[in-house]
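Reviewing the structure listed below.
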Amino acid sequence: MITIKSEREIELMREAGALVAKTLDLLEKEIKPGMTTKELDTMAEEFIRDNHAVPSFLNYVPKSDPDVTPYPATLCVSINEEVVHGVPSIKRIVKEGDIVSVDCGVYKGGYHGDAARTFVLGIIDEKVQQLVDVTSECLERGIAMAVEGNRLHDISSAIEDYARSFRFSVIENMVGHGIGSELHEDPAVPNYGRKHTGVKLVEGMTLAIEPMIALGRSRRAISRRGGWVAVTEDGKPSAHFEHTIVVRQGKAEVLTRSFLD
Ligand code: MF3
Ligand code: CO
């Protein structure tokens, strides 16, 4: 069931979203080669708790898979061929030339915000830089379609078409989602699909749109060693950007926009 949020609920989601954005802004300023992914996680958790909120991902158990080990961290930090759900570790050190996808969710005032950015460390391969830029633009093109009167897969097809125009591959088995008092609500928001199909978008729907795009051929992210992390099938790098948005008339409202410059 897709829930339509009231303006009062959206006001609370705006606060949760702003805190997600500020957390990612902090990480964007602080991330440096030589840091462990655990240090990033600790920094984020302290910042979120200092701001009277709770990390959404910590101890998360998917409703579809209640036997899985609860997610053990505040952030997902996924490096290079890792698509999503990289678990922070004192053994993982980020280095120059890496792309580092950081996904963050917070729960505040009864509502969740969820966003991700892929950070680039130092000078990286030109093609990989293009992948990151194109994935960010895929998200913007998806958001541009999130207006009342359009259909859900207008978002999906805008993302897919832009990624494919660069011959990049869309990860199909991981999707965006509705969001609100639950981290994952209906509808699923795929990053591929046929335009003019899917449910009609209505003002007050709140969605987490999150393209995951890879170099190479992989259309799936597969779990590595039975753990949380999901990687490309061919080991090629993957990028991930996400915003929490409100469907509006005319233009979507983005709740997790960066405050930097
Ligand atoms: N943004 C991701 C998602 O919405 C992150 C979830 S991590 C998890 O699925 F631990 F909560 F699963
Ligand atoms: Co999400």
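Counting convention: from 1, in listed order, for ligands and their atoms alike.
Taking a 6.0 Å sphere around NZ of Lys32, one finds it holds more than 12 heavy atoms contributed by other residues, nucleotides or ligands. Enclosure of atom CZ in Arg217 is not indicated, since only 12 or fewer non-hydrogen atoms of other residues, nucleotides or ligands lie within 6.0 angstrom. For Arg194, the CZ atom sits in a loose shell: 12 or fewer heavy atoms of surrounding residues, nucleotides or ligands are nearer than 6.0 Å. Counting heavy atoms of neighbouring residues, nucleotides and ligands inside a 6.0 Å radius, atom CD1 of Ile90 does not exceed 12 of them. Residue-environment remark: CZ (Arg49) exceeds the threshold of 12 foreign heavy atoms within 6.0 Å.
Residue contact check: Trp228 has heavy atoms under 4.0 Å from atoms 12 (F) of ligand 1. Listed by number with element, the atoms of ligand 1 under 4.0 angstrom from any heavy atom of Tyr71 are 10 (F). Per-residue contacts place Cys76 under 4.0 angstrom from the following atoms of ligand 1 (heavy atoms of the residue considered): 7 (S). Residue Leu183 approaches ligand 1 through these ligand atoms, each under 4.0 Å from one of its heavy atoms: 11 (F). Close approach to Glu242 involves these atoms of ligand 1, each under 4.0 Å from a residue heavy atom: 1 (N). Of all atoms in ligand 1, listed by their number and element, those nearer than 4.0 Å to a heavy atom of His177 are 3 (C), 4 (O).
Checked against a 3.5 angstrom limit, the closest N/O atoms of Asp114 and ligand 1 fall inside it. Annotation: His184 places an N or O atom under 3.5 Å from an N or O atom of ligand 1; distance criterion only.
Contact annotation: for Met174 versus ligand 1, there are no heavy atoms closer than 4.0 Å.
Among all protein heavy atoms, the one lying closest to atom 12 (F) of ligand 1 is Tyr60 CD2, 3.4 Å.
Residue nearest to atom 2 (C) of ligand 1, selected from Asp103, Val87, Thr74, Val61: Asp103 (by heavy-atom distance).
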* Quick one: do Asp234 and Ser218 satisfy side chain to side chain donor-acceptor pair (under 3.5 Å)? Show the steps, please. => CA-CA 6 Å; Asp234 55 9; Ser218 181; 4.7 Å; no
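Remark: the Thr244 side chain and the Asp114 side chain contain no N/O donor-acceptor pair separated by less than 3.5 Å.
Electrostatic pairing of Glu185 and Lys63 does not count as a salt bridge here, judged by no charged N lying under 4.0 Å from a carboxylate O. Ion pairing of Glu11 with Arg14 is present here, as a side-chain N (NZ or NE/NH1/NH2) and a carboxylate O approach within less than 4.0 Å.
For the Co ion (ligand 2), the count of nearby protein N/O/S atoms, taking only those under 2.8 Å, is 4.
Aromatic ring pairs are classed by plane angle as parallel below 30°, tilted from 30° to 60° and perpendicular above 60°; the pair Phe166 and Phe168 is parallel.
Annotation for Val87: hydrophobic cluster partners, listed by chain and number, are Ile10, Leu12, Met13, Phe57, Tyr60, Val61, Val68, Tyr71, Tyr111, Ile179, Leu183, Trp228, Val246, Leu255 (ILVMFWY side-chain heavy atoms under 4.5 Å, direct or chained).
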